[in-house]
Amino acid sequence: MVQRESSAMKHNHGIRMGFHKLPIIFAAAIALAMSVMAAGPASASTWGPHSWKVQVGSESWDQEIQGMAFLPSNITVNEGDTINWQANSAEIHTVTFLAKGQSLDSLLPFNPGVPDELLKRGGASYDGHSYYNSGLLANVSVPGFPVAKSYSLMFPQEGDFTYWCLVHGMVMKGTVHVQERGSAYPHTQADYDRSSKVQERAILRDGHQLDASLARQANNHLVLTGTDDSISMVMRFVQPTVRVHVGDTVVFSNPGMGEPHTVTFGTEPANIFGPSGDPAHFSGGNLSSGIIPANAGPHSKFAVTFTAAGTFKYVCALHDYMGMVGKVIVVA
């Protein structure tokens, strides 16, 4: 996996992305969500600590659209309260509090080979200054990776504490505001749940608009390997089934901002991150692009020339468990 870090929409390697209005639409949804929360009454604190829920990620029913947000992204609790982050997507995420003086850039791009990034670190009570990491969170089993479905942390002291998803970097940020024990809560869990639903619907709309934009650009000789912006990800090949003739070339292009993919025919190699096989003369068997990075010019493309007739199935080795699969039908 490679970190998906970027904060502005791009025009990538000749693929026009008509997404410049989407952050504006999403901002409007955030404003609506905040108004929903403002309509809820403040809740007086009752004796004893409270437990709160934050949703990690979001997705469409078929896992095609994946969201990059903690919902809610800002939550106010009291000293002694516990937050339970619950995985709500097949896409992996982390909940990571940096150590004092530690830079997020020092941990990017996300490297699953580093145990401190991949695995849970820190105890059950946050000390306000050390490195704490949930490890990978997902609501399904992810081949090749250890994942959990939830992560809990108690906050014993006042302060404002920022956390990140290491997989998605700057685009996926949350903040915990801890106030004095016994203070009145500005929002209830029901308030946060209502606002999160509004934001989740906005994320899905964003993703479906991204998907529609890709569909207008793809053809039998150009397959787009999904895409992503700072809000959502499309985890599908567009278009997944193409028909070409022997001798034709199909270009697989990653027009996103940061999400990597692979195009892998046959058996997945032991190292899915590196290329294997000969894409210039492919007649069947094993072939893999290795990582196709987003926003990397010509390096974001993988061209395959088909030299034999047949039906050739392929997958994204990173996201096939979400349904990111396709096939090329080659006729004489």
Side-chain angles (χ1 to χ4, degrees), residues 1-20 22 63-68 90-92 108-110 112 167-172 206-242 249-265 268-269 271-277 279 282 287-305 313-328:
M1 301 277 178
V2 179
Q3 193 273 333
R4 297 88 161 153
E5 178 188 4
S6 186
S7 58
M9 305 312 298
K10 306 279 187 183
H11 290 271
N12 293 328
H13 40 269
I15 305 298
R16 294 191 335 173
M17 308 303 290
F19 307 146
H20 60 283
L22 296 179
Q63 302 177 333
E64 176 180 3
I65 308 301
Q66 298 287 320
M68 292 182 285
E91 171 69 351
I92 56 173
L108 302 180
F110 172 67
V167 180
H168 300 100
M170 295 294 293
V171 304
M172 193 165 173
D206 178 276
H208 288 306
Q209 289 181 57
L210 289 178
D211 192 24
S213 179
L214 294 182
R216 291 191 291 268
Q217 300 168 57
N219 56 57
N220 278 324
H221 295 90
L222 176 62
V223 175
L224 303 178
T225 62
T227 193
D228 62 286
D229 59 12
S230 60
I231 299 168
S232 64
M233 298 169 280
V234 177
M235 295 299 197
R236 290 293 186 274
F237 291 106
V238 183
Q239 51 196 47
T241 300
V242 297
T249 297
V250 177
V251 175
F252 300 86
S253 180
N254 184 349
M257 291 174 61
E259 187 75 16
H261 299 287
T262 81
V263 172
T264 303
F265 293 86
E268 293 184 15
N271 176 18
I272 65 173
F273 298 96
S276 60
F282 183 62
L287 172 68
S288 184
S289 62
I291 291 295
I292 304 176
N295 192 27
H299 300 293
S300 292
K301 295 182 179 181
F302 180 63
V304 180
T305 300
K313 296 181 179 180
Y314 63 92
V315 304
C316 171
L318 298 174
H319 304 115
D320 53 339
Y321 69 98
M322 297 184 202
M324 195 166 178
V325 301
K327 63 183 175 181
V328 178

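Residue indices begin at 1 and follow the sequence shown.
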Ser232: what forms a side chain to side chain donor-acceptor pair (under 3.5 Å) with it, not counting sequence neighbours?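 In terms of side chain to side chain donor-acceptor pair (under 3.5 Å), with neighbours along the sequence ignored, Ser232 is linked to Asp206.
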
Separation between [atom1] of [X] and [atom2] of [Y], rounded to the nearest 0.5 Å:
X      : Y      : atom1 : atom2 : value
Ile65  : Asp211 : CD1   : CG    : 5.5 Å
Phe237 : Thr225 : CZ    : OG1   : 6.5 Å
Lys313 : Thr241 : NZ    : OG1   : 9.5 Å
Ile231 : Gln209 : CD1   : CD    : 9.5 Å

If only atom types and distance count, is the side chain of [X] paired as donor or acceptor with the main-chain N or O of [Y] below 3.5 Å?
X      : Y      : result
Asp228 : Met257 : yes
Glu268 : Thr264 : no
Ser300 : Ala296 : yes
Tyr321 : Ala90  : yes
Asn254 : Ile292 : yes

For Thr249 and Thr305, test the side chains for any donor-to-acceptor distance below 3.5 angstrom and give the result as yes or no.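 Thr249 vs Thr305: donor-acceptor pair found between side chains.
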
Around His299, counting heavy atoms of other residues, nucleotides and ligands shown, do more than 12 lie under 6.0 Å from its NE2?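 Counting neighbours around NE2 of His299, 12 or fewer heavy atoms of other residues, nucleotides or ligands fall under 6.0 Å, so no.
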
His319 and side chain to side chain donor-acceptor pair (under 3.5 Å): which partner among His261, Arg236, Gln63?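 Passing option: His261.
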
So among Val250, Leu287, Ile291, which one has a side-chain contact (heavy atoms from CB on, under 4.5 Å) with Phe302?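 In the set Val250, Leu287, Ile291, the residue that makes a side-chain contact (heavy atoms from CB on, under 4.5 Å) with Phe302 is Leu287.
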
